[in-house]
**Q** 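Pasting in a structure now, in structure tokens, and then I'll have a few things to ask.
Just so we're clear, the structure is a prediction, and the values are computed from it rather than from any experiment.
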Amino acid sequence: MTDDTGKLVLRVSVGVLMLLHGIFKLQNGVGGIAGMLGGHGLPAFLAYGVYLGEVVGPLLVIIGLFTRVGAVLMVGNMLVAFALAHMSELFSLGKMGGWALELQGMFLFGAITIALLGAGRFSVGGINGRYN
């Protein structure tokens, strides 16, 4: 029971925090990401993939349905974010001494943890749900 409660807290906290980034992009578009992709020689339409990693993935994780799939979408999103926008900060510390990418790291490693642990009992998929 305690493990399942911990999984719920982890899923909801990481999922909601990531979803807020996705809501921002739903409201404001993905033009900035399209520009970054273009700067790396990649097609701009790939920017729409951010909706998978910042909207679809977090929603699946929050409700606990295909949780591992949702978490993998979030992991992929964060790896692309690291590659496109954060490589120069990878080994940097912030003004307060913490890792300059601690928020992005929390999203990445939180999503990896969710993918490994699954959703737990307190989920739409239930403890025996497929991919949970």
Side-chain angles (χ1 to χ4, degrees):
M1 174 98 161
T2 303
D3 288 348
D4 291 317
T5 304
K7 289 175 185 179
L8 175 66
V9 171
L10 179 65
R11 284 188 4 251
V12 171
S13 60
V14 172
V16 167
L17 291 172
M18 180 71 91
L19 181 61
L20 293 173
H21 288 267
I23 291 170
F24 176 83
K25 289 179 182 77
L26 285 171
Q27 294 172 336
N28 297 286
V30 293
I33 296 168
M36 283 189 273
L37 287 164
H40 286 83
L42 297 168
F45 76 86
L46 292 176
Y48 292 100
V50 76
Y51 294 129
L52 293 174
E54 293 186 12
V55 177
V56 175
L59 287 173
L60 292 173
V61 165
I62 291 165
I63 65 172
L65 185 64
F66 296 103
T67 304
R68 294 179 196 269
V69 173
V72 168
L73 290 172
M74 292 167 56
V75 168
N77 183 82
M78 291 314 304
L79 291 174
V80 171
F82 270 80
L84 289 179
H86 300 293
M87 286 305 287
S88 65
E89 302 166 284
L90 194 58
F91 300 105
S92 299
L93 298 179
K95 293 177 184 175
M96 302 300 284
W99 186 27
L101 300 176
E102 56 192 21
L103 177 63
Q104 294 85 353
M106 186 274 299
F107 287 145
L108 174 63
F109 295 113
I112 290 170
T113 303
I114 293 165
L116 293 171
L117 292 175
R121 180 184 330 187
F122 305 121
S123 62
V124 171
I127 196 161
N128 294 319
R130 188 171 179 147
Y131 303 113
N132 282 341

**Q** Gln27 vs Ile23, test: side-chain contact (heavy atoms from CB on, under 4.5 Å). Steps then yes/no.
**A** CA-CA 6 Å; Gln27 294 172 336; Ile23 291 170; 4.0 Å; yes
**Q** In this structure, would Val50 and Val72 fall into the same cluster of hydrophobic residues linked by side-chain contacts under 4.5 Å?
**A**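 No: no chain of side-chain contacts under 4.5 Å links Val50 to Val72.
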**Q** For residues Ala71 and Ile114, report the shortest heavy-atom separation together with the two atoms involved.
**A** CB-CG2, 3.8 Å
**Q** Are Phe91 and Met78 linked, directly or through other ILVMFWY residues, by side chains that come within less than 4.5 angstrom of each other?
**A** yes
**Q** Under 4.5 Å between side-chain heavy atoms, counting indirect links through other Ile/Leu/Val/Met/Phe/Trp/Tyr residues: same cluster for Tyr48 and Leu37 or not?
**A** yes
**Q** Taking the inter-plane angle between the rings of Trp99 and Phe109 on a 0 to 90° scale, is it parallel (under 30°), tilted (30 to 60°) or perpendicular (over 60°)?
**A**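 Aromatic pair Trp99/Phe109 classed tilted.
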**Q** According to a 4.5 Å side-chain heavy-atom criterion applied to Ile, Leu, Val, Met, Phe, Trp and Tyr, with indirect links allowed, do Val9 and Met106 form part of one hydrophobic cluster?
**A** no
**Q** Could you go step by step and tell me if Asp4 and Leu8 meet the side-chain contact (heavy atoms from CB on, under 4.5 Å) rule?
**A** CA-CA 6 Å; Asp4 291 317; Leu8 175 66; over 6 Å; no
**Q** Nearest 0.5 angstrom please: Thr5 OG1 to Leu10 CG, how far?
**A** 12.5 Å
**Q** Does the pair Val61 and Val14 meet the rule for a side-chain contact (heavy atoms from CB on, under 4.5 Å), with working shown?
**A** CA-CA 9 Å; Val61 165; Val14 172; 5.8 Å; no
**Q** So, for Leu103 and His21, which heavy atoms are closest and what is the spacing to 0.1 Å?
**A**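 So the minimum-distance heavy-atom pair works out to CD2-NE2, 4.3 Å.
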**Q** A side-chain contact here means heavy atoms from C-beta on lying under 4.5 Å apart; do Leu108 and Val75 qualify?
**A** yes
**Q** Hey, could you give me the CG/CD1 distance between Leu42 and Ile33, rounded to the nearest 0.5 Å?
**A** 13.0 Å
**Q** Test your reading of the model: is there a side-chain donor-acceptor pair from Tyr51 to the backbone of Lys25, 3.5 Å cut-off?
**A** yes
**Q** Any chance you could measure Leu59, atom CG, to Leu73, atom CG, to the nearest 0.5 Å?
**A** 11.0 Å
**Q** Of all the heavy-atom pairs spanning Glu89 and Ala100, show the shortest one and how long it is.
**A** O-CB, 4.1 Å
**Q** Using modelled atom types only, decide if a donor and an acceptor are shared between the side chain of Arg68 and the backbone of Leu116 within a distance under 3.5 Å.
**A** yes
**Q** Tell me whether Val16 shares a hydrophobic cluster with Val55, the cluster being built from Ile, Leu, Val, Met, Phe, Trp, Tyr side chains joined at under 4.5 Å.
**A** yes
**Q** At their closest point, which heavy atom of Val12 faces which heavy atom of Ile62, and how far apart are they?
**A**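 In terms of heavy atoms, the two residues are closest at CG2-O, 4.3 Å.
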**Q** Using every non-hydrogen atom in the two residues, find where Met18 and Pro58 come nearest and quote the distance to one decimal.
**A** CG-CG, 3.5 Å
**Q** Looking at Ser88 and Ser92, what are the two nearest heavy atoms and their distance?
**A** O-OG, 3.6 Å
**Q** To the nearest 0.5 Å, how far apart are CG in Leu117 and CD1 in Ile112?
**A**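 Between Leu117 CG and Ile112 CD1, I get 12.0 Å after rounding to 0.5 Å.
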**Q** Determine, step by step, whether Asn77 and Leu52 satisfy the side-chain contact (heavy atoms from CB on, under 4.5 Å) criterion, reporting the C-alpha distance in whole Å, the side-chain angles of both residues, the deciding distance to 0.1 Å, and the verdict.
**A** CA-CA 8 Å; Asn77 183 82; Leu52 293 174; over 6 Å; no
**Q** Report the distance from atom CG of Asn132 to atom NZ of Lys7, rounding to the nearest 0.5 Å.
**A**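 The CG atom of Asn132 sits 10.0 Å away from the NZ atom of Lys7.
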